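Keep in mind that this is a model prediction, so the values were computed, not measured. Labels below follow one simple rule: chain letters A, B, ... track the order of the sequence lines, proteins then strands, and each chain is numbered from 1.
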Protein chains: 2
Amino acid sequence: MSVPLYQAKAEFFRTLGHPARIRILELLSERDHAVHELLDEITIEPSNLSQQLSVLRRSSMVVSRRRDGEVVYSISAPEVRDLLLAARRILLGLAAQLADLEPELTPPQPSGSQRRQAR
Amino acid sequence: MSVPLYQAKAEFFRTLGHPARIRILELLSERDHAVHELLDEITIEPSNLSQQLSVLRRSSMVVSRRRDGEVVYSISAPEVRDLLLAARRILLGLAAQLADLEPELTPPQPSGSQRRQAR
DNA sequence: TGATCACTTGCAAAGGTGTTCAATTGTTGT
DNA sequence: ACAACAATTGAACACCTTTGCAAGTGATCA
């Protein structure tokens, strides 16, 4: 293998590491979308959307085709959906753990709201 | 929820987006490791390793504790393991697709080692 | 106490990423 | 052929990350 797998993985995750790209993938994992449909859902400049789409295209996570004067994008690896779900599970799990350890943080508790957090 | 979920997800994936951090998580998902054990496995300056560990700590993906004069790290969300596996599956799937679409690019292989993998 | 080991932190240089605007391509309708 | 639309590209700038070195902390042991 030319590129070590852990490096390919890192690149892959970096590709996912942008809010707009996450939203795009979430929308596409429901159904194919034309660019202007994505624009309706995501608050972003058209050119910026295009940039993000091109990042996803470069990584082969999505493909585009032209249909009736629009460009339609689809997910090329349906398993991406599972990945996003797995991420949500982990995220919610971590959040729950945090809430557990520091229940005194969230509501504006007056007395001794000192945060100790192992520096 | 204060931070939109898709933004938290992006942050989460960005945390995974570094080769050293991937390796650390892979090692930790096998078993807990002391810092110097990680150093033996990963080719990296100690201070750099420390920085990467601190990124993982900040995101609550790992926790550290001191034991017998060493600092031992462990994974705090065991599901991370599934996530790494899911990533590998997708990565290998994408690679296979690429190999399929452009068999003429890599080696000039003549006879049919074709792989088909229906989009 | 002082030396040493095991890590961590601060910081500056270098490199990389994201955002926007303007310009461009390509397609469709008149 | 031209205008209008849809999407993309290029370039400049700001911002963030990574890296390595030097310095620092904090525990353990002679």
- Starting from C1' on D/dT8, measure out to CG on A/L38 and report it in whole angstrom. 14 Å
- Residues in side chain to side chain donor-acceptor pair (under 3.5 Å) contact with A/Y73, at least two apart in sequence or another chain: A/R57
- Task: Would you kindly give the NE2-to-P distance between A/H33 and D/dA6, to the nearest whole Å?
- Result: 17 Å
- Task: Using only side-chain N and O atoms of A/Y73, determine if any of them is under 4.0 Å from OP1 or OP2 of D/dT8.
- Result: yes
- Within this structure, what is the CZ-to-C1' distance between B/R57 and C/dT8, rounded to whole angstrom? 8 Å
- Task: Compare the minimum distances between each of D/dT19, D/dT9, D/dT8 and the side chain of A/V71, then state the nucleotide with the smallest one.
- Result: D/dT8
- Side-chain contact test, heavy atoms from C-beta onward, threshold under 4.5 Å: evaluate it for B/S76 versus A/Q97 and give yes or no. yes
- Query: Given side chains that start at C-beta, do those of B/I22 and A/F13 come closer than 4.5 Å, heavy atoms only?
  - Reply: yes
- Query: Taking all non-hydrogen atoms of both residues, which atom of B/A34 and which atom of B/E70 are closest, and how far apart?
  - Reply: CB-OE1, 3.7 Å
- Note on the structure: Atom CZ of B/R65 and atom C1' of C/dA6 are separated, to the nearest Å, by 16 Å
Using a 3.5 Å cut-off and no angle test, enumerate the donor-acceptor pairs between side-chain atoms of residues 81-96 of chain B and protein atoms at least two apart in sequence or in another chain.
residue : atom : partner : partner atom : Å
B/R81   : NE   : B/S29   : O            : 3.4

- Short side-chain to backbone donor-acceptor contact, B/S50 and B/S47, under 3.5 Å: no
- Item | Atom-pair distance (CZ on A/R58; C1' on D/dT8), nearest Å | 12 Å
Which pairs, protein N/O on one side and nucleotides 1-3 of chain D N/O on the other, fall under 3.5 Å?
none

- Task: Write down the atom of B/V71, the atom of B/S64, and the distance for their closest heavy-atom approach.
- Result: CG1-CB, 3.8 Å
- Task: Assign a letter to each nucleotide of nucleotides 23-30 of chain C from its 5' end: B, base within under 4.0 Å of a protein heavy atom; S, sugar-phosphate only; -, no contact.
- Result: ----SS--
- Item | For DNA chain D, the residues among residues 41-49 of chain B that have a non-hydrogen atom under 4.0 Å from it | B/E45, B/S47, B/N48
- Item | DNA chain D-proximal residues of residues 7-24 of chain B, any heavy atom under 4.0 Å | B/R14, B/H18, B/R21
- Message: Could you tell me if the side chain of A/V35 sits less than 4.5 Å from the side chain of A/V72, heavy atoms only?
- Response: no
- Item | Partner set under side chain to side chain contact (heavy atoms under 4.5 Å, CB included) for B/S74, not counting sequence neighbours | B/D32, B/V63, B/R65
- Task: Please state how far atom CG in A/L39 lies from atom C1' in D/dA7, giving the value in whole angstrom units.
- Result: 9 Å
- Task: Apply side chain to side chain contact (heavy atoms under 4.5 Å, CB included) to A/S59 and list each qualifying residue two or more places apart in sequence or on a separate chain.
- Result: A/T15, A/M61
- Contact check, side chains of A/Q52 and A/I24, non-hydrogen atoms, under 4.5 Å: yes
- Apply salt bridge (charged side-chain N to carboxylate O under 4.0 Å, His left out) to B/R58 and list each qualifying residue two or more places apart in sequence or on a separate chain. none
- Message: Quiz question: going by heavy-atom distance under 3.5 Å, is there a donor-acceptor pair between the base of C/dT20 and the side chain of A/Q51?
- Response: yes
- Is the phosphate of C/dT19, meaning OP1 or OP2, less than 4.0 Å from a side-chain N or O of A/Q52? yes
- Hey, could you give me the CD1/OH distance between A/I42 and B/Y6, rounded to the nearest 0.5 Å? 9.0 Å
- Message: Tell me every residue that passes side chain to side chain contact (heavy atoms under 4.5 Å, CB included) with B/H33, counting only those two or more places apart in sequence or in another chain.
- Response: B/L27, B/L28, B/R31, B/E37, B/L38
Do any N or O atoms of the protein come closer than 3.5 Å to N or O atoms of nucleotides 2-4 of chain C, and which pairs are they?
none

- Note on the structure: Testing C/dT9, D/dG10, D/dA6 for proximity to the side chain of A/H36, the answer is D/dA6
- Selected nucleotide, minimal atom distance to B/V35 side chain, candidates C/dC7, C/dC11, D/dT9: C/dC7
- Item | Value rounded to 0.5 Å, distance of CD in B/E11 from NE2 in A/H18 | 12.0 Å
- Query: If you look only at pairs with a residue in residues 18-27 of chain B, which of them pass as a salt bridge (Lys or Arg N to Asp or Glu O under 4.0 Å), with sequence neighbours excluded?
  - Reply: A/K9-B/E26
- Message: Using the rule that Ile, Leu, Val, Met, Phe, Trp and Tyr join whenever any side-chain heavy atoms are under 4.5 Å apart, tell me whether B/L49 and B/V55 fall into a single cluster.
- Response: no
